[in-house]
Peer 1: 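I am attaching a structure below and will ask some questions about it afterwards.
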Amino acid sequence: MLKIEDLHFSYRDKPVLSGIHLNIVPGEIIGIIGPNGCGKTTLLKHLNRNLDPAVGRVLIDDTDIETMTKSDIAKHIAVVPQSNEIHFSFTAKDIVMMGRMPFLKKFQGETSEDIRIVDESMKKTNILEFEDRFINTMSGGERQRVIIARALAQTPEIILLDEPTLHLDISNQFEILDLVKKLSDEEGVTVVIVSHDLPMVVRYCHRIVMLKDQKIFAMGTPEEVLTEGNIREVFNVDAVLEKDERTGQNTVRVFGSCTNG
Amino acid sequence: MKSTGSVGRKRAKVLAATVCLTGLLALFVMLDLAQAFINLSFQDALFALFGYGNETHIIIVQKINGPRVIMGCAVGAGLGISGAVMQAIFRNPMASPYILGLSSGAAFGAALAMSFPISVIPLFVTVPVFAFIFCMVTMFLVYSISRVGGRVPTETLILCGIAVGSLFSALVSLLTYLAGDRMMGIVFWTMGDLSQNGWQNSMIVVPLILAGSLIMVARGRELNAMMLGDAHAKDLGVDVKKVRLEMLISSSLVTAAAVAFVGVIGFVGLVVPHILRIILGPDNRAILPLSMLGGAAFVILCDYLSRALFADLGILPIGILTSLIGAPYFIYLLRRRRHEVGWN
């Protein structure tokens with residue numbers, strides 16, 4: 001259980017987040033959406049103490065993360081960052097193996113148990129066949145799967161994904177999010193996704209948090225949050241949430257900007 | 001199992017490289033120990049090292065060649081590992097003590113201590129201390145000038161290193177003119193000389209380099225994560241600020257110790273880690289300790305060649321040889337491996 005209590009954060013006197021309260025329930029996939037600069041990524045960075053709040057607390061199972069070491073936090077929370085461009089020729093396996101870092105002491109080599117966990121993670125993300133390939137020669141989708149495997153190797157309860165589909169083609173976008181959903185269903189991992197992609201968020205998230213002007217504007221199921229009025233108010237676009245006849249799933253249809261219309 | 005195999009293969013490769021480098025180092029050390037104006041066989045040299053045999057041999061090996069070889073090993077190991085660490089923290093294969101101007105900064109500190117001796121404190125203390133201070137100054141100067149919005153682009157890093165390095169080289173030259181008789185000549189400072197040292201200086205340099213290197217080797221795993229980027233490293237539980245500061249200080253310390261008594265020997269920290277990375281991949285847990293072995297072997301080989309190549313004419317400054325090998329390699333890096341260096 002991840003709990004955010006009255007979180008405030010400013011960047012150079014400019015408030016970025018103010019008064020955020022949020023409970024993240026084990027096993028759920030929760031989406032954080034909002035316009036550019038609303039503090040989405042900043043919020044995400046607070047969840048694993050990549051940033052420290054000015055006011056407020058973040059609790060994992062009732063423990064304030066302020067009192068935990070960085071590597072202890074990394075045992076509970078794994079991150080799939082926004083940009084995963086890597087310039088050095090680490091192999092896929094090297095990268096996934098780094099997921100075991102928080103568990104190893106100085107000078108300690110990986111045990112056979114670590115290697116087993118790494119292999120398992122690579123199997124789940126379907127990258128076993130390119131374990132010896134270099135990360136800097138991979139496509140964006142392949143790289144993203146390697147990073148997700150690394151996150152799994154941390155055996156976390158919570159995975160944070162920052163714009164996981166940003167640089168991917170459409171087919172890879174679905175592949176990655178199907179994978180995330182599968183992990184959530186089968187492993188019970190809690191997933192927090194920050195994204196701009198409303199149709200994707202609606203399709204995969206159990207719950208949505210909508211941010212506007214440093215605050216939570218709306219929170220709840222996709223149907224509750226993504227009303228026509230809310231979307232217009234927050235994103236300034238004309239769009240509706242509707243059930244797609246062909247897939248039977250919710251999607252968002254965007255008609256255009258409200259300013260020009 | 002296939003995957004355990006891939007980890008096993010990597011370990012076997014590292015082990016093989018360790019054995020090869022140790023063998024090469026041992027060979028070069030013997031060549032250099034036996035290097036003399038008279039004919040000295042490996043066997044004679046080995047006996048003389050432990051105090052047996054002809055008195056001339058003992059003097060040559062123990063008093064002349066021994067201290068030089070020890071100093072050379074320490075300096076090579078120090079420059080090799082410092083280069084490897086700088087490349088990791090700057091995420092840049094071109095970073096090294098020489099290219100970033102740190103060697104020149106340290107040389108200026110050492111030269112300053114020599115030209116203005118403090119009567120109550122002996123030179124073997126002031127020289128390394130001043131070298132360290134100015135090495136740190138150079139490091140933070142180059143680091144803060146070339147940092148643009150949290151990133152250290154290759155172009156600014158190298159230009160800045162060259163500029164700051166030239167400044168300190170000029171200052172060293174100035175000092176050698178002003179205080180000529182109290183200090184070594186310009187050639188010593190710009191191209192290095194391992195032979196000006198007795199055992200005493202080695203006793204200072206060796207522990208400093210070993211201690212600094214141990215701190216760096218212990219952080220191999222964290223450095224791997226930092227090579228992916230600060231955000232990645234933080235997400236994996238690395239205290240990035242702390243580790244980076246620790247690495248900046250320990251690599252400066254080791255560079256300073258490597259330069260203080262032997263002057264500037266260029267390109268060791270660039271060439272050695274880079275070749276090792278091509279063979280073994282970027283894992284710092286292997287690259288850092290092997291850069292020590294490789295650096296030592298490279299410096300001792302160059303020292304031997306500088307004495308053996310033109311034995312009739314005299315001894316070449318060692319830096320001529322390291323630069324003759326290193327500078328073309330640097331140009332090759334710029335031309336051939338552009339994408340890896342981040343120039344596109």
Side-chain angles (χ1 to χ4, degrees), chain A residues 45 48-51 68-75 77-110 112 114-116 118-120 122-123 128-129 131-132 134-136 147 150-151 153-154 160 162, chain B residues 1-11 14 87-88 90-93 154 214-215 217-243 274 277-289 337-344:
Chain A
K45 284 186 171 163
N48 71 333
R49 240 188 101 197
N50 218 319
L51 288 173
M68 299 167 74
T69 65
K70 295 231 155 96
S71 58
D72 275 340
I73 296 171
K75 289 176 191 170
I77 302 184
V79 181
V80 178
Q82 197 174 95
S83 137
N84 59 17
E85 196 104 9
I86 290 166
H87 295 290
F88 290 91
S89 54
F90 287 103
T91 63
K93 184 143 193 171
D94 287 337
I95 300 280
V96 181
M97 198 67 94
M98 288 185 196
R100 298 307 296 163
M101 270 182 61
F103 300 87
L104 296 168
K105 296 190 192 70
K106 259 187 195 179
F107 293 113
Q108 189 190 357
E110 289 90 4
S112 53
D114 292 315
I115 295 173
R116 192 191 60 75
V118 164
D119 286 342
E120 196 106 310
M122 297 181 78
K123 203 164 146 197
L128 263 183
E129 81 258 34
E131 61 173 18
D132 285 331
F134 297 125
I135 188 87
N136 50 353
I147 302 292
R150 185 185 73 187
Q154 285 170 252
L160 314 179
D162 191 359
Chain B
M1 257 188 351
K2 186 172 166 274
S3 324
T4 332
S6 97
V7 174
R9 269 201 309 282
K10 200 171 137 191
R11 286 182 184 160
V14 171
Q87 285 143 31
F90 289 109
R91 242 167 270 134
N92 189 324
T154 302
L214 191 69
I215 297 174
V217 169
R219 292 295 192 185
R221 203 188 335 254
E222 282 91 339
L223 286 171
N224 285 349
M226 285 165 69
M227 278 168 94
L228 308 190
D230 286 1
H232 282 265
K234 282 183 189 166
D235 293 338
L236 290 167
V238 178
D239 192 338
V240 171
K241 267 188 194 155
K242 185 179 143 202
V243 174
H274 208 271
R277 253 184 234 114
I278 290 173
I279 301 168
L280 297 170
D283 190 339
N284 288 297
R285 286 172 298 170
I287 295 300
L288 300 192
R337 306 183 76 88
R338 266 165 185 263
H339 70 103
E340 192 180 328
V341 179
W343 279 59
N344 53 358

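Numbered from 1 within each chain, the chains take letters A, B, ... in sequence-line order.
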Peer 1: So what's closer than 4.5 Å to chain B heavy atoms on A:M97: side chain, backbone, both or neither?
Peer 2: side chain
Peer 1: Counting N and O atoms only, with roles assigned by atom type, does the side chain of A:Q154 sit under 3.5 Å from a partner on the main chain of A:P102, one being a donor and the other an acceptor?
Peer 2: no
Peer 1: In terms of heavy-atom proximity below 4.5 Å to chain A, should B:A231 be classed as side chain, backbone, both, or neither?
Peer 2: backbone
Peer 1: I want to check something: taking the side chain as every heavy atom from C-beta on, are B:N224 and A:M101 in contact at a cut-off of under 4.5 Å?
Peer 2: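 Sidechains of A:M101 and B:N224: no contact.
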Peer 1: For A:I135, is it the side chain, the backbone, both or neither that has a heavy atom under 4.5 Å from a heavy atom of chain B?
Peer 2: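 Nothing of A:I135, per the 4.5 Å heavy-atom cut-off to chain B.
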Peer 1: Check whether any side-chain N or O of B:R221 sits under 3.5 Å from a backbone N or O of A:K105 as a donor-acceptor pair, and report yes or no.
Peer 2: yes
Peer 1: Please state whether the side chain, the backbone, both or neither of A:K123 comes within less than 4.5 Å of a heavy atom of chain B.
Peer 2: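 Nothing of A:K123, per the 4.5 Å heavy-atom cut-off to chain B.
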Peer 1: Report the option among A:T91, A:V80, A:L104 that has the most heavy-atom pairs separated by less than 4.5 Å from atoms of chain B.
Peer 2: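 Result: the option with the highest number of such pairs is A:L104.
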Peer 1: So does A:F88 get a backbone contact from the side chain of B:R277, meaning a donor-acceptor N/O pair under 3.5 Å?
Peer 2: no
Peer 1: Need one label for A:R150: side chain, backbone, both or neither, based on atoms under 4.5 Å from any heavy atom in chain B.
Peer 2: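 Contact with chain B: side chain only.
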Peer 1: How long is the straight-line distance from CE of A:M68 back to CD1 of A:I77, given to the nearest 0.5 Å?
Peer 2: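 The CD1 atom of A:I77 sits 7.5 Å away from the CE atom of A:M68.
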Peer 1: By a 4.5 Å heavy-atom criterion (distance strictly below it), what part of A:I95 contacts chain B: side chain, backbone, both, or neither?
Peer 2: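 For A:I95, the contact with chain B is made by the side chain alone.
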Peer 1: So which part of B:V240 gets closer than 4.5 Å to some heavy atom of chain A, the side chain, the backbone, both or neither?
Peer 2: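 Answer is neither: B:V240 stays 4.5 Å or more from chain A.
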Peer 1: Which value, rounded to the nearest 0.5 Å, describes the distance between A:N50 atom CG and B:D235 atom CG?
Peer 2: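 Here the interatomic distance stands at 5.0 Å.
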Peer 1: Is chain B contacted by the side chain of A:Q82, its backbone, both, or neither, given a heavy-atom distance below 4.5 Å?
Peer 2: neither
Peer 1: Please look at A:I86 and chain B and tell me whether the side chain, the backbone, both or neither of the residue comes under 4.5 angstrom of a heavy atom of that chain.
Peer 2: side chain
Peer 1: Do other residues, nucleotides or ligands put more than 12 heavy atoms under 6.0 Å from the NZ atom of A:K70?
Peer 2: yes
